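Computed from a predicted model, the values in this text were never measured in an experiment.
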Amino acid sequence: MKFLTYIIVYPLLWLISKLPFTLFYFVSDCLYVLLYHIVGYRRKTVRANIQMTMPELSDKKVREIEKKFYRHLGDIFLETIKSMTISEKELQKRYHFTNLDLVHKVEKQGKSVTLFCSHYANWEWMIILDSLINLQGFAVYKQINNPYFDKLIGRIRTRFGSKVVEMRETIRVIRKNEIQGDRGLYAFISDQSPMIGKSNCWQEFMGIEVPIFTGGEALCKKFDMVPMYLHVSQVKRGYYQCTFIPLTTDQEVVSEIPNYELSSRFLREVEKQIKQAPEFYFWTHKRWKHQGKKPKNL
């Protein structure tokens, strides 16, 4: 059944990816109408998340953010599909990095980078980064249930030289690379909710105490990597600007930073972006579902 689903859906995805951008975004506009006005895809979750994290907003403002978010959701879904066939030149034009010199500086130091990322704006087009740096890029991800679509996602994310590493294999891969002297840039999308039983740290995110992922921080400190946050913002439809934000100062030693401090700094950067333009955050996830469920031993 999984293979049948794949062979039916894949040709449609490929055809969508080949559409010229003018028609491509017309399809996205139609998708917005379908998701928001007709199907109402996770609309209750989106509304509840916005109201919960920004209670000062009026109902009118919440609806305004909702609609803008669903328009962006259609774009992100289709832009991910576009990644199947978009050219390197086109993607470099549409996904611009403002300060690659920070990464090049780390390369000269002979160190690796832990890149903390969030579900904000467009995170999938980050795949172009590997064509612009000397460090080997690794996208840390969680395997999906359908093995055929899992392989498709792997092919998309490695089109421009990056490699993918399944979450459970991350420490093994990094240890092997560091022993061999192969430095890398390891991208972690760390703003979503871990399983409550597997989280050893809770922190406030948008004013609400929630369990957080700390694996990226732990690996960063263990292997003495340089932590950065990738700040992605939309310049205009289909165009994004990315800036690397250091999460430490030159005077700080990563291994001596208090536990969970790097994760806290990462979350503060994500909050800044959400508060500035909330419509670009991925509100469909139930990020705050564990509110009030913190174990007493933490």
Side-chain angles (χ1 to χ4, degrees), residues 88 97 99-118 123-144 147 150-192 194-195 198-201 211-230 242 244-267 269:
E88 181 176 327
F97 294 88
N99 58 345
L100 282 170
D101 57 296
L102 286 185
V103 178
H104 296 321
K105 179 181 177 182
V106 176
E107 291 172 343
K108 292 177 181 177
Q109 294 171 344
K111 303 187 76 171
S112 295
V113 173
T114 302
L115 190 63
F116 292 85
C117 309
S118 64
W123 57 93
E124 288 293 345
W125 280 1
M126 184 174 54
I127 59 176
I128 196 60
L129 177 59
D130 210 76
S131 68
L132 302 169
I133 62 175
N134 296 314
L135 290 174
Q136 174 62 61
F138 292 86
V140 179
Y141 83 108
K142 186 176 181 180
Q143 192 174 36
I144 62 175
D150 187 71
K151 289 180 180 179
L152 174 61
I153 291 173
R155 291 199 302 272
I156 291 172
R157 290 178 175 172
T158 57
R159 284 189 63 212
F160 303 108
S162 296
K163 295 182 179 181
V164 292
V165 54
E166 212 281 327
M167 193 179 295
R168 292 167 295 184
E169 294 293 311
T170 309
I171 188 168
R172 181 188 65 80
V173 170
I174 295 178
R175 180 185 290 114
K176 179 182 177 182
N177 290 341
E178 291 296 312
I179 290 174
Q180 294 177 344
D182 298 328
R183 306 308 178 202
L185 182 147
Y186 302 90
F188 294 82
I189 299 183
S190 305
D191 60 315
Q192 294 303 312
M195 293 179 64
K198 295 184 177 181
S199 178
N200 57 358
C201 178
I212 65 169
F213 281 110
T214 58
E217 172 179 343
L219 291 169
C220 181
K221 295 173 72 173
K222 181 179 180 65
F223 295 103
D224 191 30
M225 296 191 280
V226 177
M228 298 182 185
Y229 172 62
L230 187 65
C242 309
F244 296 95
I245 298 179
L247 294 180
T248 56
T249 64
D250 291 339
Q251 290 73 38
E252 288 182 299
V253 178
V254 172
S255 60
E256 297 178 359
I257 294 175
N259 287 340
Y260 313 129
E261 174 62 23
L262 288 180
S263 296
S264 179
R265 294 178 189 181
F266 157 66
L267 290 177
E269 293 296 336

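The distance between the ring centers of Phe97 and Phe244 falls below 6.0 angstrom.
With Glu252 contributing its side chain and Thr249 its backbone, the two residues share a donor-acceptor pair below 3.5 Å.
In summary, Arg175 and Glu178 do not engage in a salt bridge, as defined by a charged side-chain N under 4.0 Å from a carboxylate O. Under the 4.0 Å criterion applied to side-chain N and carboxylate O atoms, Arg265 and Glu261 are assigned as salt-bridge partners.
Summarising the geometry, atom CD1 belonging to Ile174 is positioned 6.0 Å from atom OG1 belonging to Thr170; distances are rounded to the nearest 0.5 Å. The line from CZ of Phe188 to CG of Leu230 is 14.5 Å long, rounded to the nearest 0.5 Å. Atom OG of Ser118 sits about 8.0 Å away from atom CD1 of Ile189, to the nearest 0.5 Å. Considering CG of Leu115 and CE of Met126, their distance stands at 6.0 Å, rounded to 0.5 Å. To the nearest 0.5 angstrom, Ile128 atom CD1 is 8.5 Å from Ser162 atom OG. We find the CG-CG distance between Leu267 and Asp191 to be 8.0 Å, quoted to the nearest 0.5 Å.
Counting heavy atoms from C-beta outward, Glu217 and Thr114 have side chains that stay 4.5 Å or more apart. Counting heavy atoms from C-beta on, the side chains of Pro227 and Val254 come closer than 4.5 Å. Between Phe116 and Leu247 the shortest side-chain heavy-atom distance falls below 4.5 Å. Here the side chains of Trp125 and Cys242 are not in contact, with every heavy-atom distance at 4.5 Å or above. The shortest side-chain heavy-atom distance between Val226 and Ser112 does not fall under the 4.5 Å cut-off. Looking at heavy atoms from C-beta onward, Leu102 lies in side-chain contact with Met228 at the 4.5 angstrom threshold. Between Asp182 and Lys176, every side-chain heavy-atom pair lies at or beyond the 4.5 Å cut-off. Residues Lys221 and Asn259 meet the side-chain proximity criterion, which asks for heavy atoms closer than 4.5 Å.
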Practice task
Go through the steps for Ile245 and Phe266 under the test side-chain contact (heavy atoms from CB on, under 4.5 Å), then give the verdict.
Solution key: CA-CA 10 Å; Ile245 298 179; Phe266 157 66; over 6 Å; no
Practice task
Please lay out, stage by stage, how Leu129 and Leu100 fare under the test side-chain contact (heavy atoms from CB on, under 4.5 Å).
Solution key: CA-CA 9 Å; Leu129 177 59; Leu100 282 170; 3.8 Å; yes
Problem - Steps toward salt bridge (Lys or Arg N to Asp or Glu O under 4.0 Å) verdict (Glu124, Arg157) - result: CA-CA 8 Å; Glu124 288 293 345; Arg157 290 178 175 172; 2.7 Å; yes
Exercise for the section: Start with the C-alpha distance between Ile127 and Thr158, add both sets of side-chain angles, then the distance that settles side-chain contact (heavy atoms from CB on, under 4.5 Å), and finish with yes or no. Expected result: CA-CA 7 Å; Ile127 59 176; Thr158 57; over 6 Å; no
Practice task
Decide side-chain contact (heavy atoms from CB on, under 4.5 Å) for Cys201 and Tyr260; before the verdict, give the C-alpha distance in whole Å, the side-chain angles of both, and the deciding distance to 0.1 Å.
Solution key: CA-CA 8 Å; Cys201 178; Tyr260 313 129; 3.5 Å; yes
Show which side-chain atoms of residues 135-144 pair as donor or acceptor with protein atoms under 3.5 Å away, not counting sequence neighbours.
unit_1: Gln136; atom_1: NE2; unit_2: Gly161; atom_2: O; d: 2.8
unit_1: Tyr141; atom_1: OH; unit_2: Asp150; atom_2: OD2; d: 3.3

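The two residues Cys220 and Leu262 make their nearest non-hydrogen contact at SG-CD1, 4.2 Å. Arg183 and Gly110 make their closest contact through NE-O, 3.0 Å (heavy atoms, listed as atom of the first residue, atom of the second, distance).
With 3.5 Å as the limit, one finds no donor-acceptor pair spanning the side chains of Asp224 and Ser255.
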